[in-house]
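Below, all heavy atoms of this structure are taken into account, side chains as well, without hydrogens, waters or symmetry copies. Each chain gets a letter, A, B and so on, in the order the sequences are listed, and its residues count up from 1.
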Amino acid sequence: MNDSIFVHDHPTTPPALPTDIPAECLRQAPLNLPNAAELDVLRHYTRLSQKNFAIDTQFYPLGSCTMKYNPRIAHAMASLPGFARLHPDTPAPAMQGLLQVLWELQEWLAAATGMAAVSLTPAAGAQGELAGVAMIRAYHQSRGDHGRNKMLIPTAAHGTNPASAQMAGFEVIEIPNLADGDLDMAALDAHLGPDVAGIMLTNPSTLGVFERRIAEIAQHVHAAGGLLYYDGANLNAILGRVQPGQMGFDVMHLNLHKTFATPHGGGGPGAGAVAVQARLQPFLPLPTVHKEGPGTLRWLSELDVPQSIGRLSAHGGNIGVLLRAHAYMRRLGRAGVRRVSAYAALNANYLLKELQRVGYQAAFPQRRASHEFILSVSDLHKATGIRALDVAKRLLDFGIHAPTIYFPQLVPECLLIEPTETESKATLDRFVAVMAQIRQEALEQPELLREAPHHLPVGRLDEALAARRLDVAALS
Amino acid sequence: MNDSIFVHDHPTTPPALPTDIPAECLRQAPLNLPNAAELDVLRHYTRLSQKNFAIDTQFYPLGSCTMKYNPRIAHAMASLPGFARLHPDTPAPAMQGLLQVLWELQEWLAAATGMAAVSLTPAAGAQGELAGVAMIRAYHQSRGDHGRNKMLIPTAAHGTNPASAQMAGFEVIEIPNLADGDLDMAALDAHLGPDVAGIMLTNPSTLGVFERRIAEIAQHVHAAGGLLYYDGANLNAILGRVQPGQMGFDVMHLNLHKTFATPHGGGGPGAGAVAVQARLQPFLPLPTVHKEGPGTLRWLSELDVPQSIGRLSAHGGNIGVLLRAHAYMRRLGRAGVRRVSAYAALNANYLLKELQRVGYQAAFPQRRASHEFILSVSDLHKATGIRALDVAKRLLDFGIHAPTIYFPQLVPECLLIEPTETESKATLDRFVAVMAQIRQEALEQPELLREAPHHLPVGRLDEALAARRLDVAALS
Amino acid sequence: MPYIPHDPEETAAMLAAIGVESIDDLFDEIPSRLQAQDLDLPEGLSEMALRRELEDRAMANSSLRCFAGGGAYAHHIPALVWDIAARGEFYSAYTPYQPEASQGTLQVLYEYQSFITRLTALEISNASLYDGASGLAEACLMALRIRGSDQSILVPENLLPSWRRVLDSVLGLQNIRLISVPYDTTTGLLQLPEDANAAALIVPQINAFGLLEPVDALTDWAHARGLLSIAVVNPLSLAILKAPGDWGQQGADIAVGEGQPLGIPLTGGGPYFGFLACRKAHARQLPGRLVAKTVDGQGREGYCLTLQAREQHIRRGKATSNICTNQGLMVTAATIHMATLGSQGLQEAAMTCHARASRLRALLEALPGITFPYAGAFFHEWVVRLPKDAVFVRDTLLKQGLLAGIPLSEWGEGASGDLLVCTTELLEESDLLTYREAMRSMLEAQ
Amino acid sequence: MPYIPHDPEETAAMLAAIGVESIDDLFDEIPSRLQAQDLDLPEGLSEMALRRELEDRAMANSSLRCFAGGGAYAHHIPALVWDIAARGEFYSAYTPYQPEASQGTLQVLYEYQSFITRLTALEISNASLYDGASGLAEACLMALRIRGSDQSILVPENLLPSWRRVLDSVLGLQNIRLISVPYDTTTGLLQLPEDANAAALIVPQINAFGLLEPVDALTDWAHARGLLSIAVVNPLSLAILKAPGDWGQQGADIAVGEGQPLGIPLTGGGPYFGFLACRKAHARQLPGRLVAKTVDGQGREGYCLTLQAREQHIRRGKATSNICTNQGLMVTAATIHMATLGSQGLQEAAMTCHARASRLRALLEALPGITFPYAGAFFHEWVVRLPKDAVFVRDTLLKQGLLAGIPLSEWGEGASGDLLVCTTELLEESDLLTYREAMRSMLEAQ
Ligand SMILES: Cc1ncc(COP(=O)(O)O)c(C=O)c1O
Ligand SMILES: Cc1ncc(COP(=O)(O)O)c(C=O)c1O
């Protein structure tokens, strides 16, 4: 383990506090953050960084997260002083460069999704979901349709879907999936009715397969007066090829930190832009950018958009992330955007085929992979007691980040694998070879997996102890 | 080992070459550099970087190299587009900002060294030495004193000293050191005469001690018509406290990549500015910066300085390095510059004392350390066969870079240790503890040292095989 | 093909392995009528052309000396902060689901939590929320969960209006009542009612006019009436201002704020991050990620996410929040920033901000026609009342390279001449003089 | 104390351990009269104030569209290049004296050497020299060592004059004779004498006027007379131009050049790096560092410095050069740059440079009064002869944000209207048109 930053502290005498501030407002106990030398700080955090797995250093096939290459040029562009030093309350005439970028991004995302309008403000997917279902709510209410308090969500959906629906005041109804991965239409129909506000779907679904009856679903939901929400987490699978708008969705979010290659940053920041069909446009969260003419762009406010669901953060959202997404889209252009889904699908289907070849079981063997796919190691589990967790931990020993495990929960002992389009065949082939070796180890030396990882700074951590002790801050 | 970058190659078809260039001038065989995906390139070099020890990640007490903290602000400043995009042939009125920085640096280095004038152009210490001895040569010749073709150099001097003297057409005469580390005055006097151009000294010397009789030496050399060259590699020991100009030196270089904290970059670029007393000013290498008034700075050329020894590189030297040195000096200011030598000496003397305490032998136990000091492990060698090399390699296992070893060659089994002022007491104490442990290991388990390093990507490499095979480029 | 490594031979080999003819075949489960052809997007650019276009755009934003605050502050960020935060190992990693492969991020978060608890004098800090305003909404929801019955919150009218809007948007969805608490228009300070039925009182220290509130009294008022006290604080100010945990008799229950002043560039409004700290007793109601120290099988110390049962990926609809991706990289930068400055550096920055504010106020006081509507103590921001329309003044000073402040009329507050002015350590004495002179000639002009 | 970690207690404890009273005591071996007190240096600045001062200085340099070359070229550098090269592990390491702890730097250097040998079609490349010009001086010394007897070098008069000056300065010290070889003033190309006694002929491809020389004939001429051929080349041009190893019957013996076009920012003239490649037979005469692949005790592949007996730290006065610190970080960046572009990217960049040069020449040809003194083939740079003084024209175009080229009169060459103009891939068609228009109005003006 690295030393704590606190070991680098050099005690100092706190300064005399201002005398023109009432004593009752002033700090009591001296602030106790470490006073460390600049080199010690630099060294500490540089060395900590080296303990991370990251896209820049490892293959990172974390399903549902689209861990693709984050172009360094996007970081450079977002860091230009002309953007980085801009105060949010700068009047519009003095930030036309930024507004032009944001306006273009709105336009491009609308084009990419087949939607009428976009708001860039949500800070991540989950906030986009909240905005989306809030718009659904506002839409129904604007029509005087007040009884729609239920949101349908597939059992396999990501946890943020029900959490967001709940946060927007909806009751969540779960809809099961069939064995082939598609939604259970009968269950859906059984729930549709005047109390249903809409349904939240991911397509391709979190099961890694395309929901084939999406047109039919849309028709049924719409017929029942509901709206369709599209969780854009899996947009990478169909980018430039299938527009959610064309599938019948009314409102959606995009995870720019997935599909549009902005960095995941060890857990954010992301950006969860929302896109809507025309009838939902009046409800978009604020602010959005409006172009009156070249060089005359401005933010829209409550005065312009009185029906808006309002604001989700104090300013315009995660603008630095939006700048990166803009740079990425501009670099790729029309053809490049379409190639994303093409090669994401190629990599996923190739990997699925190869992993099946070396003995792994697909959760949906009759289906094409989308940009990702699910393996289940239930067979290994039965034969040797080895669990998906053990396979994941052993992968770390080979310098490969583990896939997502135990999500979606309905597939037992599952690994959700998403290679992304930016990985080369050579990287995939190495992954297959390692997975083949791990499978053999599972059968021959299962303890090698059960005790993995062996070659990392720490072994498996005692999570129960962590929760019990709850040592979440160094005591001063 | 990392894969080679060549494994990431994707073959491509070379383009048709221009038709308006004669075929005989065009490339024959297609160029065969790897065409790798951006992510693969990024990952390859990021991972390679992690295999280095560096100041930013490890304590790096490499004697004679002054591996102090390289402030990140200096890098940021040198990278500003206003500097980084400046073409060298930009007319002076359009580069006043840069010229002002360089002019200030000239002034400040003159002040710090007690010299009359400075040229920043040499690219590293060795080029500074070449410039320096060339100026000595030019000086004598300008006076019609043509017989001075010998350069005196202490046996313990750095290899670049004799190499530079040789390169400037001098015959090198070695002067021995006494047992207390000081120069052998008798030997010096014996060689002084009308054929001696001068002497090259480092002070503190490469033995890590201050040459106490420097005033006397200067007097003798000057009396014999010679000049004194100061190798500034060890300036960190006396910065802001003793000026080489005051010690009697006529000409010197500074290693800005040592004393002034510019990065060593895995082997450069450095900067080896030269400073001279007034009588040598006409010979300074070109270009230098001249200030006619505020906002009217310009480069001096051969027309201005006809006696100059000329140019050492096509432009003005390693300007990006000079920008970093300027930023560092400006940040430190008068008081900060003086603190450099104070704390460098404190760290070195403390470390020496502590290492003696745990059993190591100083090469010059009666002397103060300067900013560095020499240990000899001859005692260990006699007792166990363990060599300085083994101690060095074992240190690597503890995440500490090895000191300089076997330099200066005249101290057997030596380690030249330079902690620098930017390391904390805690870091030094840990080093002492590790050295104590290694000493114990040497006595109890010497094979642990002899086979070290154990925890690095590779063990000791077969250098003989390297020279024999001479595999110095991947065959295409 | 930008960012795609495949060459034609590899693609062919992969297709063959899959057993299809073309990439299009991989989409054969998707009804073809859903498959769009060409999207209405521009052509791609080379990296070189992209850089040129975006550098031009960046230049099209004015470069202004910043006297605006209002929740986003121009501070000096040491060069090392983003050099380290932007290292690929931090930048391109994700949530530390595999702790063994994420000890870097996890230890950073643990240190971050430690720093925030020390700044706030509370026991637990989460690992970030989206921003201060959305963080306050989460804090309110948390208070409502803790209090159980009461479905209302007391919201001061001198809370930043943009924050109030976020509360309206987010809490409104769950029909939570936001009870406005007015401020005294002569002092700018909160005016509490005799009594109130609510889960919590929001206490903004500093308030929207830059004024310091009597936080001890406010906190005690809330506690005396069984309300929780939610402190809204500027983290940099806590280097010299009383920590929420020390407010009143018992201290605030929850502290929340905008983390931007801790090393995050302004970037037109984001990404920033929200911090949230509370007492240990309320740990299970905390939204967002939380990192704890623990040990591995060999007893080596290490870090992992903890109390995950609060979160959406486990608890789904019953989670304490829907937040998943949060603001990790911002918090990484903030941690490095705080470690680089240390208590000493933070205190110096805070003291300088305050000194500059006092100085500029003194400079302006001498100008004819200028008044200061609120007399109370401030940290680094105050309202000046100009004898001209503040929007007009602000727009005019723009041309001299100054962002003079935020006209309160843009918030629908105060008089038309009211301008909220902020100073930070980035401003030197010469900048203050420039400001004064610009203001003087502005006011003298007809 | 900037960059010094000690607190007073630590300092006191350390002094006590040493057994002295004060830090000054540590300098007690130095005669006190030598100890200066206060140096004439300015006060220190905070990082914040430093940044502001230097940003102002950087802004005080004009931002110009660059049409100047003459040995330093404005090229696009992909963002990742310096993001990686500036990582602390590369930036703050030193010469890989401990190979086990420096495999990163060593493998980079090995790959660099591999790339240079492929660009030049020679067998061995060293790990860098200071810059192209000083590299040429080293190449001459190397040739003299190989040839042994002859103490002279044939130096073309159409070699860049700054390079010639470096040869004069460095080689002059050892009394080496530099024999000038004139060029034909109508073609700008080298004019060889019938015969010559010298160790080597320098062959600049591209020459100082941007022209391509008949390198096959020149190389064969040299070899026929027992001279070595030293190729001076622009590494980017080698993506499309004949590699030195393929020149003439036997190929050039040594290739040397300025590495700056390979990902190094202009920075007013440096740091750049010199590259030098040769045949394996001459390995032991090579100046500078050299990295080789080898194995460790367990047979694992690794890299280390090799043939160190050539170098000053072993051979001292008899070393092949005095060079020690070289240009490691520049070569690291160049390696990443070449790997990022690949052959394909380098070829595209080279082709674009050439296409732009042809295009701009065509655009200018249409302007009245303009001529081109040399008709020969070029890569990306040529001389235009203006009907006005080129220095005046250059200075006037500066005000329009254009660095129009290098007036040859500044080198003491050509006619007063001669301007050396260079185009790279950074210039777009619109820039060429802007240039043409600026030139047109310039020439039309009285
Ligand atoms: C399918 C799915 N939906 C929604 C989300 C939530 O997105 P975010 O983490 O950006 O809030 C995720 C992200 O992990 C996801 O995978
Ligand atoms: C004592 C001494 N002199 C001279 C030099 C040469 O300096 P440079 O490596 O900058 O050429 C060095 C550097 O290693 C040195 O230590």
With a 4.5 angstrom heavy-atom cut-off, could you sort out which part of [X] is near chain D: side chain, backbone, both or neither?
X: B:Lys68; result: neither
X: B:Tyr69; result: side chain
X: B:Glu423; result: backbone
X: B:Ala392; result: side chain
X: B:Arg338; result: side chain
X: B:Met167; result: both
X: B:Thr12; result: side chain
X: B:Pro453; result: side chain
X: B:Ala165; result: neither
X: B:His257; result: side chain
X: B:Arg330; result: both
X: B:Ala335; result: neither
X: B:Asp9; result: neither
X: B:Ile309; result: backbone

Below 4.5 Å, heavy-atom pairs only: which of [options] has the largest tally toward chain D?
options: B:Gln246, B:Gln166, B:Arg241; value: B:Arg241
options: B:Leu31, B:Thr57, B:Leu130, B:Leu323; value: B:Leu31
options: B:Val172, B:Val242, B:Ile238; value: B:Val242
options: B:His264, B:Met329, B:His315; value: B:His264
options: B:Ser424, B:Gly333, B:Ala467, B:Gly268; value: B:Gly268
options: B:Gly82, B:Ala163, B:Gly266; value: B:Gly266

Would you say the side-chain atoms of D:Arg289 pair up with the backbone N or O of D:Ala127, donor to acceptor, closer than 3.5 Å?
-> no

Flag, side chain of B:Asn52 to backbone of D:Thr105, donor-acceptor distance under 3.5 Å = yes

When only pairs under 4.5 Å are counted, which of [options] shares the most heavy-atom pairs with chain B?
options: D:Leu64, D:Leu173, D:Asp40; answer: D:Leu173
options: D:Ala36, D:Ser134, D:Ala17, D:Ala133; answer: D:Ala36
options: D:Gly172, D:Pro5, D:Ala355; answer: D:Pro5
options: D:Glu10, D:Arg87, D:Glu55, D:Met330; answer: D:Arg87
options: D:Ser114, D:Pro265, D:Cys304; answer: D:Ser114
options: D:Ala72, D:Ala121, D:Ser128; answer: D:Ala72

In terms of the angle between their ring planes, are D:His6 and B:Tyr343 parallel, tilted or perpendicular, with boundaries placed at 30° and 60°?
->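 Tilted.
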
Using the ring of each side chain (for Trp, its six-membered ring), is B:Tyr60 parallel, tilted or perpendicular to B:His401, with breaks at 30° and 60°?
-> parallel

Taking all heavy atoms of B:Asp462 and all of D:Thr294, pick out the closest pair and write down the distance.
-> O-OG1, 2.7 Å

Run the salt bridge (Lys or Arg N to Asp or Glu O under 4.0 Å) check on B:Glu302 and D:Arg165 step by step: do they pass?
-> CA-CA 10 Å; B:Glu302 286 77 0; D:Arg165 294 222 179 97; 3.6 Å; yes

Does one side chain, of B:Thr160 or B:Glu129, offer a donor that lies under 3.5 Å from an acceptor on the other?
-> yes

Answer yes if the side chains of B:Asn318 and D:Gln327 hold a donor-acceptor pair under 3.5 Å, and no otherwise.
->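 Yes - a donor-acceptor pair under 3.5 Å links their side chains.
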
Cation over ring, B:Arg331 on D:Tyr3, under 6.0 Å and within 45°?
->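 Here B:Arg331 passes the 6.0 Å and 45° test against D:Tyr3.
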
Can you list the steps and then say if B:Ile55 with D:Tyr91 is a side-chain contact (heavy atoms from CB on, under 4.5 Å)?
-> CA-CA 9 Å; B:Ile55 302 171; D:Tyr91 188 81; over 6 Å; no

To the nearest 0.5 Å, how far apart are SG in B:Cys25 and CD in D:Gln205?
->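 With rounding to 0.5 Å, SG (B:Cys25) is 5.0 Å from CD (D:Gln205).
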
